[in-house]
Trainee: 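I'd like to ask you about the structure that follows.
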Amino acid sequence: MRICTFNVNSIRSRLEIVQNLVNDYNIEVLCMQEIKVENKDFPLIDKDFECVIHGQKKLHGVATCSKFPIEESQKGFEGELNEPRFIYTLINGVHIINIYAPLGDNYGDRFEYKMYFYDKLFEWLRRFDLSKDKVLICGDFNISHTELDVWDEVIWEGEVTHLPEEKAILSKFLDIGFVDIIRKEYPNEKVFTFYDYRGAAVYKNEGLRLDYILVTKPLFEKFKNLEILTSIRRKRKPTPSDHVPVIAEFDV
DNA sequence: ATGGCGCGGGGTCCGCGA
């Protein structure tokens with residue numbers, strides 16, 4: 001199974017890029033964030049896709065599309081406070097959770113919301129036996145875990161995404177049994193999945209890693225390979241998302 | 001790119017993103 005996570009920054013603006021991505025890289029499960037559209041206006045991406053769409057007007061929104069049957073699904077959960085940020089699907093025996101976490105702010109109301117979102121996510125995960133079940137959480141976590149996940153650790157010290165409480169959340173995922181596949185593949189080097197549109201960040205390699213594919217060990221045993229498609233972010237036309245697609249392949 | 005943001009809503013700007 002080839003699964004891709006991609007914060008598209010509006011599916012309508014990114015339709016051509018997403019369609020080419022699906023074709024060129026044989027994407028079988030596509031987890032999108034920031035679709036920025038109501039469910040009724042979500043466009044047709046691929047005739048072979050079945051999609052679970054959880055959107056709203058203008059902001060946020062997530063969608064999970066699959067070429068395999070979606071055996072179970074759930075849109076939303078307690079932690080998202082009327083902003084669509086969570087979809088659960090069961091595909092090929094893999095429990096797939098697609099999230100768009102709140103950005104937050106430096107210790108204001110939105111930061112409290114971000115902490116609440118993750119509290120409720122950990123609570124929701126209690127239904128699984130993480131030592132036995134194949135569980136995958138992917139998406140835009142809006143957390144840069146370590147110094148390897150920011151382009152300049154001095155500049156990012158004390159800034160949102162890189163605050164101690166946020167780093168602790170990522171560490172907690174690892175503590176309860178998840179493997180961070182991107183970091184496992186690149187244990188000692190900076191790799192980024194987001195480059196701000198402003199300041200020509202992508203051309204200066206001033207990026208952050210905000211996107212993750214976390215898997216439990218029973219699924220990690222089936223992991224085959226990983227691709228981070230930075231090349232798509234570097235093209236000028238059609239206009240790319242500010243995030244980079246990340247693809248993982250598993251023997252399931 | 002040898003320069004420097006893009007999106008949607010409803011506007012000729014604003015709020016938002018991180």
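Throughout, a chain's letter reflects where its sequence line sits, starting with A, and its residues are numbered from 1. What you see is a predicted model; the values in this text were computed from it and never measured.
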Trainee: Between B:dG10 and B:dG15, how many Å separate the two P atoms, rounded to a whole number?
Mentor: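 After rounding to an integer number of Å, I get 14 Å for this pair.
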Trainee: Does any part of the side chain of A:Gln56, heavy atoms only, come nearer than 4.5 Å to the side chain of A:Asn82, both counted from C-beta?
Mentor: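 Of all side-chain heavy-atom pairs linking A:Gln56 with A:Asn82, none is under 4.5 Å.
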Trainee: Nearest of B:dC7, B:dA18, B:dC5 to any side-chain atom of A:Tyr197?
Mentor: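 Selected nucleotide (nearest to the side chain): B:dC5.
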Trainee: Between B:dG17 and A:Arg198, counting only base atoms on the nucleotide and side-chain atoms on the residue, is there a donor-acceptor pair under 3.5 Å?
Mentor: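 Indeed, a donor on one side and an acceptor on the other fall under 3.5 Å apart.
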Trainee: Is it the case that atom CD in A:Gln19 sees more than 12 heavy atoms from other parts of the structure closer than 6.0 Å?
Mentor: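 More than 12 heavy atoms, drawn from other residues, nucleotides or ligands, come within 6.0 Å of this atom.
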Trainee: Need to verify one output field. Residue with the more 5' nearest nucleotide on DNA chain B, A:Leu59 or A:Asn9?
Mentor: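 Here A:Asn9 is the residue nearer the 5' end.
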Trainee: Could you work out which one of B:dG4, B:dA18, B:dG8 sits closest to the side chain of A:Ser10?
Mentor: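 That would be B:dG8.
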Trainee: So, OP1 or OP2 of B:dG6: does either fall under 4.0 Å of a side-chain N or O from A:Ser241?
Mentor: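 Looking at the OP1 and OP2 atoms of B:dG6, neither is under 4.0 Å from any side-chain N or O of A:Ser241.
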Trainee: So among A:His54, A:His60, A:Lys120, A:Arg85, which one has a side-chain hydrogen bond (donor to acceptor under 3.5 Å, both in side chains) with A:Glu80?
Mentor: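 That would be A:His54; it is the only one of A:His54, A:His60, A:Lys120, A:Arg85 passing the side-chain hydrogen bond (donor to acceptor under 3.5 Å, both in side chains) with A:Glu80.
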Trainee: Just to be sure I understand the rule, does A:Asp41 reach a base, reach only the sugar-phosphate, or reach nothing, if contact means heavy atoms closer than 4.0 Å?
Mentor: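 Contact class for A:Asp41: none.
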Trainee: Distance check: side-chain N/O of A:Arg14 vs OP1/OP2 of B:dC7, anything under 4.0 Å?
Mentor: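 Yes.
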Trainee: Hey, which of these two, A:Trp156 or A:Pro240, hits DNA chain B nearer its 5' end, going by closest nucleotide?
Mentor: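 By nearest-heavy-atom nucleotide position, the 5'-most residue is A:Pro240.
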Trainee: Determine the interatomic distance between C1' on B:dC7 and the same-named atom on B:dG11; round to the nearest Å.
Mentor: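 After rounding to an integer number of Å, I get 14 Å for this pair.
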Trainee: Hey, are A:Glu165 and A:Tyr107 close enough side-chain-wise for a donor-acceptor pair under 3.5 Å?
Mentor: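 A donor-acceptor contact under 3.5 Å links the two side chains.
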Trainee: Look at the side chain of A:Lys58 and decide which nucleotide, out of B:dC7, B:dG15, B:dG4, has an atom nearest to it.
Mentor: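 When the side chain of A:Lys58 is considered, B:dG15 is the closest of B:dC7, B:dG15, B:dG4.
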Trainee: As a test of reading the structure: which of B:dA18, B:dG8, B:dG4 is closest to the side chain of A:Ser13, going by heavy atoms?
Mentor: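 For A:Ser13, the side-chain atoms sit closest to B:dG8.
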Trainee: Would you classify A:Asp105 as touching base, sugar-phosphate or nothing, given that sugar-phosphate means primed atoms plus P, OP1 and OP2, and contacts are heavy atoms under 4.0 Å?
Mentor: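 It contacts nothing in the nucleic acid.
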Trainee: Rounding to the closest angstrom, what is the interatomic distance between B:dC16 and B:dG3 at atom C1'?
Mentor: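 Pairwise C1' distance, B:dC16 against B:dG3, rounds to 24 Å.
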Trainee: Return the nearest nucleotide to the side chain of A:Leu208; candidates are B:dA18, B:dG4, B:dG17.
Mentor: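 Nearest nucleotide to the side chain: B:dA18.
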Trainee: When we call it a touch if two heavy atoms are under 4.0 Å apart, what does A:Glu34 touch: a base, just sugar-phosphate, or nothing?
Mentor: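 The answer is sugar-phosphate, as A:Glu34 gets under 4.0 Å only of primed atoms, P, OP1 or OP2.
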Trainee: Taking the side chain of A:Lys57 as heavy atoms from C-beta outward, which of B:dA18, B:dG9, B:dG8 is closest to it?
Mentor: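 Selected nucleotide: B:dG9.
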Trainee: If the test is side chain to side chain contact (heavy atoms under 4.5 Å, CB included), which one of A:Ile181, A:Leu148, A:Leu226 qualifies with A:Tyr186?
Mentor: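 Between A:Tyr186 and the candidates, side chain to side chain contact (heavy atoms under 4.5 Å, CB included) is satisfied uniquely by A:Leu226.
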Trainee: What interatomic distance, in whole Å, is found between C1' of B:dA18 and the corresponding atom of B:dG6?
Mentor: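 It works out to 14 Å between them.
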Trainee: At under 4.0 Å, does any side-chain N or O of A:Tyr100 touch on OP1 or OP2 of B:dA18?
Mentor: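 True: A:Tyr100 side-chain N/O within range (under 4.0 Å) of B:dA18 OP1/OP2.
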Trainee: Counting the atoms with a prime plus P, OP1 and OP2 as sugar-phosphate, which does A:Phe194 contact under 4.0 Å by heavy atoms, base, sugar-phosphate, or nothing?
Mentor: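 Sugar-phosphate contact only - A:Phe194 comes under 4.0 Å of backbone atoms but never of a base.
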Trainee: Determine: side-chain N/O of A:Arg12 to OP1/OP2 of B:dG9, distance under 4.0 Å, yes or no.
Mentor: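 Checking B:dG9 against A:Arg12, a side-chain N or O does come within under 4.0 Å of OP1 or OP2.
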Trainee: Answer with base, sugar-phosphate or nothing: what part of the nucleic acid does A:His162 contact at a heavy-atom distance below 4.0 Å?
Mentor: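 No contact.
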Trainee: Are side-chain heavy atoms of A:Glu166 and A:Lys114 found at a separation under 4.5 Å?
Mentor: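 Yes, at least one pair of side-chain atoms sits under 4.5 Å.
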